[in-house]
There are 2 protein chains.
Amino acid sequence: MSVAGIVAGRAGETPREGRRGRRRRDTLAEILAISLDVMGEEGVGGLSLAEVARRMGIKPPSLYKHFASKDAVYDALFALGARAHHDAVAAAVEGMAPGLERLETGFEASIDWCIGNPVLTQLLFWRPVPGFVPSAEAYAPTAESIALLHEGLEECVAAGALREQVLGEEGIALFTSFVSGIVTQQLANEPGAGLASGRFTRHRKAAFASFVAHYAAGSAP
Amino acid sequence: MSVAGIVAGRAGETPREGRRGRRRRDTLAEILAISLDVMGEEGVGGLSLAEVARRMGIKPPSLYKHFASKDAVYDALFALGARAHHDAVAAAVEGMAPGLERLETGFEASIDWCIGNPVLTQLLFWRPVPGFVPSAEAYAPTAESIALLHEGLEECVAAGALREQVLGEEGIALFTSFVSGIVTQQLANEPGAGLASGRFTRHRKAAFASFVAHYAAGSAP
DNA sequence: GTCTATACTCTGATAGAC
DNA sequence: GTCTATCAGAGTATAGAC
């Protein structure tokens with residue numbers, strides 16, 4: 001799902017289209033979508049509400065009818081991103097039979113979403129905004145993601161595919177670190193590349209294989 | 001080595017110490033050290049030369065006698081960080097016998113340095129500063145680090161400890177991604193923790209073991 | 001919900017005296 | 001190398017009319 005698709009149905013809209021001559025859309029969603037545009041161009045920490053207002057064809061004070069502060073915009077984007085990421089992974093593994101294949105599908109879906117949503121990924125995983133700390137509500141979907149992952153690991157253990165050790169803190173830490181590492185390296189060093197062509201994402205299957213090799217039932221502890 | 005140690009011998013100096021009453025030190029190094037302080041407090045992208053000048057007890061224009069622009073400060077810090085990181089890893093493996101143990105020592109040293117220098121790590125690995133692109137000179141030590149890593153992998157292959165496949169792009173990508181992933185997760189989610197206590201760095205040996213398990217000679221391709 | 005007007009603070013950077 | 005003075009601009013946020 002694209003950035004625009006996450007926020008609202010903004011696909012096909014030209015950036016400089018005037019506010020008046022446009023079909024009525026949810027202003028709140030538009031603020032978030034344009035904020036993402038600005039963050040993509042100026043850096044995640046470079047969001048300026050004045051610039052957002054400029055692009056919307058309104059004056060900065062008008063934005064404060066929708067968001068109490070700049071951090072409130074960040075928080076809304078954090079919540080939205082965490083939710084979208086979780087939903088993307090959950091949707092990808094939905095209906096699959098338990099086992100390593102399902103686990104790998106989730107692994108891939110997570111990386112896929114991050115590469116497709118680099119701005120939100122940076123906000124979620126890198127915390128590049130000085131004073132901003134996400135609210136508990138915004139952070140909530142992350143716990144769901146961890147639970148989903150733990151469930152997937154449990155299935156693999158139950159099926160005899162992975163050792164029990166993977167269910168501890170270590171397994172979760174390694175799995176998320178591997179995702180984070182591939183995504184971070186890719187976005188930092190080769191931002192424009194796609195999932196298949198990226199110098200790092202290209203080897204995501206090898207990364208997953210490493211994880212499995214370490215925890216495979218029958219391998220050394 | 002501490003941040004202060006990297007830049008110059010500033011250990012034990014109190015932050016508010018006046019400029020006049022202090023033993024003469026290299027102003028250039030002091031600018032960089034205080035810049036790191038500010039970045040640590042305000043975020044990497046939140047560096048303000050005015051704030052640096054304030055803490056040094058001088059006026060902002062004076063800084064421009066040493067650095068042509070704010071990006072020049074970032075670039076100097078990038079160069080310094082890349083060099084320090086490389087040197088830390090090189091020093092750790094210096095004199096060790098070739099093999100997996102040497103490789104793991106480098107792996108650990110890299111993570112160790114990053115956790116000990118979170119601000120420089122963010123600058124080097126996350127690119128959180130909007131317009132800033134490091135110069136070729138600043139970036140140079142990174143190539144040395146890659147060469148050192150490649151050398152270490154070659155030794156392991158020669159010794160029969162790892163499969164030849166590790167020498168391709170994939171091996172380098174995975175190794176650096178694993179380091180980056182553990183460090184990123186640790187710094188983003190539990191910034192204050194140390195190497196041994198961190199929820200993610202605590203499992204760095206398991207991450208290395210995963211890498212080895214995947215490429216171990218005799219394991220499945 | 002939008003506007004005008006405004007208050008306030010901060011920034012990076014330059015010119016030129018000393 | 002330091003200063004004063006200054007530019008030229010950005011930003012967040014609020015008050016209050018409409």
Side-chain angles (χ1 to χ4, degrees), chain A residues 8 17-78 123 128-133, chain B residues 8 17-78 123 128-133:
Chain A
E17 186 183 359
R19 179 165 173 74
R20 289 275 153 64
R22 188 192 309 148
R23 272 179 48 227
R24 198 172 272 288
R25 284 194 186 89
D26 189 13
T27 308
L28 203 140
E30 191 184 4
I31 293 171
L32 295 180
I34 295 187
S35 293
L36 280 177
D37 290 346
V38 174
M39 290 158 77
E41 294 167 30
E42 307 297 327
V44 174
L47 174 60
S48 145
L49 294 190
E51 176 63 20
V52 172
R54 216 170 290 129
R55 296 189 187 197
M56 290 180 68
I58 64 175
K59 301 296 174 183
S62 303
L63 291 175
Y64 287 82
K65 294 290 175 182
H66 304 277
F67 291 97
S69 69
K70 191 169 140 178
D71 272 10
V73 175
Y74 277 127
D75 203 58
L77 286 172
F78 191 102
L123 182 66
V129 184
F132 168 63
V133 179
Chain B
E17 185 181 0
R19 179 165 174 73
R20 290 274 152 66
R22 188 192 309 147
R23 272 179 50 228
R24 200 172 270 289
R25 285 195 185 88
D26 189 13
T27 308
L28 202 139
E30 192 184 5
I31 293 171
L32 294 179
I34 295 187
S35 293
L36 280 178
D37 290 346
V38 175
M39 289 158 79
E41 294 167 29
E42 305 297 326
V44 175
L47 174 61
S48 145
L49 294 190
E51 176 63 22
V52 172
R54 215 170 291 131
R55 297 190 186 195
M56 290 181 69
I58 64 175
K59 301 297 174 183
S62 304
L63 292 175
Y64 287 82
K65 294 288 175 185
H66 303 277
F67 291 97
S69 69
K70 191 169 141 178
D71 271 11
V73 175
Y74 277 128
D75 203 58
L77 287 173
F78 191 102
L123 182 65
V129 184
F132 169 63
V133 179

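To find a chain, count down the sequence lines: A is the first, B the second, and so on, and within it residues start at 1. We use all heavy atoms of the structure for the numbers below, so side chains are in, but hydrogens, waters and symmetry mates are not.
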field: Separation of atom NE2 in His66(B) from atom C1' in dC3(D), rounded to whole Å
entry: 13 Å
query: Once you round to the nearest 0.5 Å, how far does OH of Tyr64(A) lie from CG of Leu49(A)?
result: 5.0 Å
- prompt: Please give, in whole Å, the distance from dT2(D) P to Leu28(B) CG?
  reply: 11 Å
statement: note: Phe67(B), atom CZ; dT11(C), atom C1'; distance rounded to Å ~ 19 Å
field: Atom of Val129(A), atom of Gly45(A) and distance for their closest heavy-atom approach
entry: CG2-CA, 4.4 Å
task: Using atom CG of Leu63(B) as one end and atom C1' of dG1(D) as the other, report the distance to the nearest whole Å.
output: 11 Å
message: Is any side-chain heavy atom of Lys65(A) closer than 4.5 Å to one of Thr27(A)?
response: no
Would you list the atom pairs, donor with acceptor, under 3.5 Å between side chains in residues 67-77 of chain B and any protein atom, with sequence neighbours excluded?
| unit_1 | atom_1 | unit_2 | atom_2 | d |
| --- | --- | --- | --- | --- |
| Ser69(B) | OG | Asp71(B) | N | 3.4 |
| Ser69(B) | OG | Ala72(B) | N | 3.3 |
| Lys70(B) | NZ | Leu47(B) | O | 2.8 |
| Tyr74(B) | OH | Val44(B) | O | 2.8 |
| Asp75(B) | OD1 | Ser135(B) | N | 2.8 |
| Asp75(B) | OD1 | Ser135(B) | OG | 3.3 |
| Asp75(B) | OD2 | Ser135(B) | OG | 2.7 |

- prompt: Given axes from five pairs at either end, by how many degrees does the helix from dG1(C)-dC18(D) to dC18(C)-dG1(D) bend, rounded to 10°?
  reply: 0°
- line: Separation between NE2 (His66(B)) and CG (Asp26(B)), nearest 0.5 Å, reads 8.5 Å
- request: Taking salt bridge (charged side-chain N to carboxylate O under 4.0 Å, His left out) as the test, write out the residues that go with Glu42(A), two or more places apart.
  value: none
field: nucleotides 4-18 of chain D: protein proximity per nucleotide (B base, S sugar-phosphate only, - neither; heavy atom, under 4.0 Å)
entry: BB-----SSBB----
task: In whole angstrom, give the distance that lies between atom CD of Glu30(A) and atom C1' of dT2(C).
output: 14 Å
field: Atom pair CD (Glu41(B)) and CG (Leu36(B)), whose distance is rounded to the nearest 0.5 Å
entry: 11.0 Å
Residue list, side chain to side chain contact (heavy atoms under 4.5 Å, CB included) with Pro60(A), at least two apart or on another chain: Ala50(A), Ala53(A)
